[in-house]
Engineer: 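Below is a structure I'd like to ask you about.
Residue numbers start from 1 in every chain, and the chains themselves are labelled A, B, ... in the order their sequence lines are given, proteins ahead of strands. Side chains included, hydrogens not; waters and symmetry mates left out as well; all remaining heavy atoms used.
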Amino acid sequence: KAGVTQTPRYLIKTRGQQVTLSCSPISGHRSVSWYQQTPGQGLQFLFEYFSETQRNKGNFPGRFSGRQFSNSRSEMNVSTLELGDSALYLCASSFSAGPEETQYFGPGTRLLVL
Amino acid sequence: AQSVTQLDSQVPVFEEAPVELRCNYSSSVSVYLFWYVQYPNQGLQLLLKYLSGSTLVKGINGFEAEFNKSQTSFHLRKPSVHISDTAEYFCAVSSMDSNYQLIWGAGTKLIIKP
(Lines give C-alpha, C1' and ligand atoms only; values in the text may rest on other atoms or scores of the structure.)
Protein backbone atom coordinates (compact mmCIF):
# COMPACT_ATOMS: atom_id res chain seq x y z
CA LYS A 1 0.00 0.00 0.00
CA ALA A 2 1.17 3.49 -0.73
CA GLY A 3 1.85 5.60 2.34
CA VAL A 4 0.49 9.00 3.27
CA THR A 5 1.45 11.57 0.69
CA GLN A 6 1.64 15.30 1.19
CA THR A 7 1.99 17.99 -1.43
CA PRO A 8 3.85 20.17 -1.88
CA ARG A 9 6.89 19.08 0.10
CA TYR A 10 8.34 22.57 0.33
CA LEU A 11 6.73 25.97 0.07
CA ILE A 12 7.90 29.56 0.41
CA LYS A 13 5.32 32.29 0.96
CA THR A 14 5.34 35.89 2.15
CA ARG A 15 3.48 37.41 5.06
CA GLY A 16 -0.18 38.06 4.37
CA GLN A 17 -0.51 35.40 1.69
CA GLN A 18 -2.57 32.27 2.07
CA VAL A 19 -1.55 28.67 1.49
CA THR A 20 -3.26 25.33 0.93
CA LEU A 21 -1.60 22.04 1.79
CA SER A 22 -2.83 18.68 0.61
CA CYS A 23 -2.79 15.24 2.21
CA SER A 24 -3.74 11.91 0.65
CA PRO A 25 -4.23 9.21 3.29
CA ILE A 26 -3.48 5.53 2.99
CA SER A 27 -6.12 3.79 0.92
CA GLY A 28 -9.03 2.75 3.17
CA HIS A 29 -8.17 5.18 5.95
CA ARG A 30 -10.96 7.56 6.83
CA SER A 31 -9.37 9.63 9.57
CA VAL A 32 -6.90 12.41 8.85
CA SER A 33 -5.15 14.55 11.45
CA TRP A 34 -2.94 17.57 10.97
CA TYR A 35 -0.04 18.67 13.16
CA GLN A 36 2.32 21.62 13.22
CA GLN A 37 5.94 20.95 14.18
CA THR A 38 8.29 23.79 15.12
CA PRO A 39 11.60 23.81 17.03
CA GLY A 40 10.11 26.06 19.70
CA GLN A 41 6.66 24.56 20.24
CA GLY A 42 7.29 20.99 19.16
CA LEU A 43 4.39 18.96 17.80
CA GLN A 44 0.97 20.52 18.16
CA PHE A 45 -2.36 19.11 17.07
CA LEU A 46 -4.29 21.22 14.58
CA PHE A 47 -7.42 19.25 13.73
CA GLU A 48 -8.81 15.84 12.88
CA TYR A 49 -11.30 14.87 10.20
CA PHE A 50 -13.28 11.67 9.94
CA SER A 51 -15.70 10.95 7.11
CA GLU A 52 -15.66 14.60 5.99
CA THR A 53 -16.49 15.91 9.48
CA GLN A 54 -14.15 17.77 11.78
CA ARG A 55 -14.06 15.74 15.00
CA ASN A 56 -11.51 17.66 16.99
CA LYS A 57 -9.71 20.95 16.82
CA GLY A 58 -6.56 22.11 18.55
CA ASN A 59 -5.84 25.51 20.00
CA PHE A 60 -5.02 27.42 16.83
CA PRO A 61 -6.53 30.67 15.51
CA GLY A 62 -9.29 30.67 12.93
CA ARG A 63 -6.74 31.44 10.20
CA PHE A 64 -6.08 27.70 10.21
CA SER A 65 -8.83 25.68 8.60
CA GLY A 66 -9.23 22.36 6.90
CA ARG A 67 -11.59 20.08 5.12
CA GLN A 68 -11.88 16.50 4.03
CA PHE A 69 -13.32 15.23 0.79
CA SER A 70 -15.43 12.15 0.13
CA ASN A 71 -12.32 10.21 -0.97
CA SER A 72 -10.75 11.02 2.45
CA ARG A 73 -8.18 13.37 0.97
CA SER A 74 -7.74 16.41 3.14
CA GLU A 75 -6.60 19.97 2.68
CA MET A 76 -5.38 22.47 5.20
CA ASN A 77 -5.55 26.20 4.58
CA VAL A 78 -3.75 28.99 6.37
CA SER A 79 -4.85 32.52 5.57
CA THR A 80 -3.02 35.77 6.26
CA LEU A 81 0.29 34.05 6.87
CA GLU A 82 2.52 35.22 9.70
CA LEU A 83 6.24 34.65 10.17
CA GLY A 84 5.43 32.32 13.07
CA ASP A 85 3.54 29.98 10.76
CA SER A 86 6.85 28.76 9.38
CA ALA A 87 6.86 25.09 10.32
CA LEU A 88 6.72 21.50 9.19
CA TYR A 89 3.08 20.54 8.72
CA LEU A 90 2.46 16.85 9.17
CA CYS A 91 -0.56 14.89 8.13
CA ALA A 92 -1.42 11.51 9.62
CA SER A 93 -4.07 9.00 8.65
CA SER A 94 -5.67 6.10 10.47
CA PHE A 95 -8.31 3.55 9.61
CA SER A 96 -10.81 4.88 12.12
CA ALA A 97 -10.91 7.61 14.69
CA GLY A 98 -10.44 5.63 17.89
CA PRO A 99 -7.74 6.64 20.38
CA GLU A 100 -6.10 3.25 20.09
CA GLU A 101 -5.64 3.61 16.35
CA THR A 102 -2.13 3.85 14.95
CA GLN A 103 -1.55 7.04 13.03
CA TYR A 104 0.57 6.84 9.89
CA PHE A 105 2.42 10.03 9.10
CA GLY A 106 3.33 11.59 5.81
CA PRO A 107 6.74 13.22 5.19
CA GLY A 108 5.33 16.68 5.84
CA THR A 109 5.18 19.99 4.03
CA ARG A 110 7.86 22.45 5.08
CA LEU A 111 6.45 25.99 4.94
CA LEU A 112 8.68 29.02 5.11
CA VAL A 113 7.03 32.42 5.53
CA LEU A 114 9.19 35.42 4.65
CA ALA B 1 -3.95 19.95 31.82
CA GLN B 2 -2.36 16.86 30.45
CA SER B 3 1.35 17.06 29.66
CA VAL B 4 4.24 14.89 28.57
CA THR B 5 7.82 15.45 29.70
CA GLN B 6 10.81 13.97 27.96
CA LEU B 7 13.55 14.65 30.42
CA ASP B 8 16.47 14.61 28.01
CA SER B 9 16.66 16.72 24.86
CA GLN B 10 19.69 14.72 23.66
CA VAL B 11 21.10 11.35 24.60
CA PRO B 12 24.56 10.44 23.27
CA VAL B 13 25.45 6.77 23.46
CA PHE B 14 28.11 4.53 21.98
CA GLU B 15 27.15 2.04 19.30
CA GLU B 16 26.15 -1.38 20.71
CA ALA B 17 25.54 0.15 24.16
CA PRO B 18 22.11 0.07 25.82
CA VAL B 19 19.93 3.16 25.92
CA GLU B 20 16.94 4.43 27.87
CA LEU B 21 14.88 7.43 26.78
CA ARG B 22 12.72 8.77 29.55
CA CYS B 23 9.11 9.89 29.34
CA ASN B 24 6.79 11.03 32.13
CA TYR B 25 3.22 12.16 31.77
CA SER B 26 0.59 13.81 33.89
CA SER B 27 -2.97 12.61 33.75
CA SER B 28 -5.64 11.79 36.25
CA VAL B 29 -7.38 9.24 34.05
CA SER B 30 -6.49 6.14 32.08
CA VAL B 31 -4.08 6.80 29.25
CA TYR B 32 -2.86 5.38 26.00
CA LEU B 33 0.89 5.81 25.48
CA PHE B 34 2.94 5.91 22.31
CA TRP B 35 6.52 6.22 21.16
CA TYR B 36 7.22 7.53 17.67
CA VAL B 37 10.52 7.94 15.84
CA GLN B 38 11.38 10.65 13.34
CA TYR B 39 14.34 10.12 11.03
CA PRO B 40 15.90 13.22 9.43
CA ASN B 41 13.62 14.86 6.87
CA GLN B 42 10.91 12.28 7.35
CA GLY B 43 7.56 11.99 9.06
CA LEU B 44 6.96 10.06 12.26
CA GLN B 45 6.76 6.29 12.52
CA LEU B 46 5.15 4.37 15.37
CA LEU B 47 7.66 2.34 17.42
CA LEU B 48 5.22 0.91 19.96
CA LYS B 49 2.11 1.68 21.96
CA TYR B 50 0.52 0.77 25.27
CA LEU B 51 -3.24 0.46 25.33
CA SER B 52 -3.86 -1.98 28.18
CA GLY B 53 -2.69 -5.32 29.55
CA SER B 54 0.97 -6.19 29.96
CA THR B 55 3.00 -3.21 31.09
CA LEU B 56 6.01 -4.30 29.02
CA VAL B 57 5.46 -3.45 25.39
CA LYS B 58 7.69 -4.62 22.57
CA GLY B 59 7.98 -2.62 19.38
CA ILE B 60 9.83 -2.53 16.11
CA ASN B 61 13.60 -2.36 15.64
CA GLY B 62 14.28 -4.05 18.99
CA PHE B 63 12.77 -1.29 21.14
CA GLU B 64 10.62 -1.91 24.19
CA ALA B 65 8.94 0.29 26.79
CA GLU B 66 7.51 -0.26 30.24
CA PHE B 67 4.40 1.45 31.53
CA ASN B 68 4.68 2.35 35.20
CA LYS B 69 1.39 3.74 36.48
CA SER B 70 2.65 4.67 39.93
CA GLN B 71 5.58 6.59 38.46
CA THR B 72 3.49 7.89 35.52
CA SER B 73 6.31 6.90 33.23
CA PHE B 74 6.74 5.14 29.91
CA HIS B 75 10.48 4.84 29.34
CA LEU B 76 11.83 3.50 26.04
CA ARG B 77 14.75 1.06 26.03
CA LYS B 78 16.95 -0.80 23.61
CA PRO B 79 19.65 -3.23 24.76
CA SER B 80 22.08 -2.47 21.92
CA VAL B 81 21.85 0.52 19.61
CA HIS B 82 23.04 0.82 16.03
CA ILE B 83 24.10 3.81 14.01
CA SER B 84 20.80 3.50 12.14
CA ASP B 85 18.93 4.35 15.36
CA THR B 86 20.10 7.95 15.07
CA ALA B 87 16.83 9.88 15.08
CA GLU B 88 14.51 11.92 17.25
CA TYR B 89 12.14 10.02 19.49
CA PHE B 90 8.78 11.37 20.64
CA CYS B 91 6.61 10.18 23.47
CA ALA B 92 2.87 10.91 23.24
CA VAL B 93 -0.16 10.32 25.43
CA SER B 94 -3.84 10.19 24.67
CA SER B 95 -6.73 10.17 27.13
CA MET B 96 -10.18 11.46 27.83
CA ASP B 97 -8.51 14.58 29.27
CA SER B 98 -7.27 15.51 25.80
CA ASN B 99 -10.41 14.34 24.05
CA TYR B 100 -8.21 11.47 22.91
CA GLN B 101 -5.92 13.70 20.89
CA LEU B 102 -2.21 13.02 21.08
CA ILE B 103 -0.27 15.26 23.47
CA TRP B 104 3.39 15.18 22.54
CA GLY B 105 6.64 15.43 24.42
CA ALA B 106 9.37 17.75 23.16
CA GLY B 107 11.41 14.90 21.73
CA THR B 108 14.77 13.32 22.50
CA LYS B 109 17.55 13.22 19.94
CA LEU B 110 19.42 9.95 20.10
CA ILE B 111 23.01 10.44 19.00
CA ILE B 112 24.98 7.29 18.31
CA LYS B 113 28.74 7.60 18.72
CA PRO B 114 30.87 5.14 16.71
Engineer: Of all the residues in residues 67-95 of chain A, which have a heavy atom that comes within less than 4.5 Å of a heavy atom in chain B?
Structural biologist: A:L88, A:L90
Engineer: Is there a path from B:V37 to B:L21 through hydrophobic residues (I, L, V, M, F, W, Y) whose side chains come within less than 4.5 Å of each other?
Structural biologist: yes
Engineer: Treat each ILVMFWY residue as a node, draw an edge where side-chain heavy atoms are under 4.5 Å apart, and state whether B:V19 and B:Y89 are in one component.
Structural biologist: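 Yes; B:Y89 is reachable from B:V19 via cluster members.
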Engineer: Mind checking which of residues 46-61 of chain A sit less than 4.5 Å from chain B, heavy atom to heavy atom?
Structural biologist: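 If one takes a 4.5 Å heavy-atom cut-off, the residues of residues 46-61 of chain A near chain B are A:E48, A:N56.
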Engineer: Given the rule that I, L, V, M, F, W and Y join up when any side-chain heavy atoms are under 4.5 Å apart, are B:I83 and B:I60 in one cluster?
Structural biologist: yes
Engineer: Assess whether atom OH of B:Y39 is packed by more than 12 heavy atoms of other residues, nucleotides or ligands within 6.0 Å.
Structural biologist: yes
Engineer: Using a 4.5 angstrom heavy-atom cutoff, name the option from A:Q41, A:R110, A:Q6, A:Q37 with the most pairs to chain B.
Structural biologist: A:Q37
Engineer: Could you tell me whether the side chain of A:E101 reaches within less than 4.5 Å of the side chain of B:Y32, counting heavy atoms only?
Structural biologist: no
Engineer: Give a yes or no on whether A:F105 and A:L21 share a hydrophobic cluster (residues Ile, Leu, Val, Met, Phe, Trp, Tyr; joining criterion: side-chain heavy atoms under 4.5 Å apart).
Structural biologist: no
Engineer: Which value, rounded to the nearest 0.5 Å, describes the distance between A:T102 atom OG1 and B:Y36 atom OH?
Structural biologist: 6.0 Å
Engineer: Atom NZ of residue position A:K13 - does it have more than 12 heavy atoms of other residues, nucleotides or ligands inside 6.0 Å?
Structural biologist: yes
Engineer: Side chains of residues 41-48 of chain B: which donor-acceptor pairs under 3.5 Å do they make with residues two or more places apart or in other chains?
Structural biologist:
none

Engineer: Return a table of donor-acceptor pairs under 3.5 angstrom between the side chains of residues 74-81 of chain B and protein atoms on other chains or two or more places apart.
Structural biologist:
residue : atom : partner : partner atom : Å
B:H75   : ND1  : B:C23   : N            : 3.0
B:H75   : ND1  : B:C23   : O            : 3.4
B:R77   : NE   : B:E20   : OE2          : 2.9
B:R77   : NH2  : B:E20   : OE2          : 3.3
B:K78   : NZ   : B:N61   : O            : 2.8
B:K78   : NZ   : B:D85   : OD1          : 3.1
B:K78   : NZ   : B:D85   : OD2          : 2.8
B:S80   : OG   : B:E16   : O            : 3.3

Engineer: Around atom CZ of A:R9, are there more than 12 heavy atoms of other residues, nucleotides or ligands at under 6.0 Å?
Structural biologist: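 Atom CZ in A:R9 is packed in, count exceeds 12.
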Engineer: Run the ring-centre check on B:W104 versus A:F45 and record whether the distance is less than 6.0 Å.
Structural biologist: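 Judged by ring-centre distance (under 6.0 Å), B:W104 and A:F45 do not meet the cut-off.
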Engineer: Honestly curious: do B:L51 and B:V29 fall in one hydrophobic cluster under the side-chain, below-4.5 Å linking rule?
Structural biologist: yes
Engineer: What's the spacing between A:Q44 CD and B:L102 CG if we round to 0.5 Å?
Structural biologist: 13.5 Å
Engineer: Should we count OH of A:Y104 as having more than 12 external heavy atoms under 6.0 Å?
Structural biologist: no
Engineer: Among A:G42, A:P107, A:G108, which residue has the highest count of heavy-atom pairs closer than 4.5 Å to chain B?
Structural biologist: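 Top option by heavy-atom pairs under 4.5 Å: A:P107.
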Engineer: So with a 6.0 Å cut-off around NZ of B:K58, is the heavy-atom count from everything else above 12?
Structural biologist: no
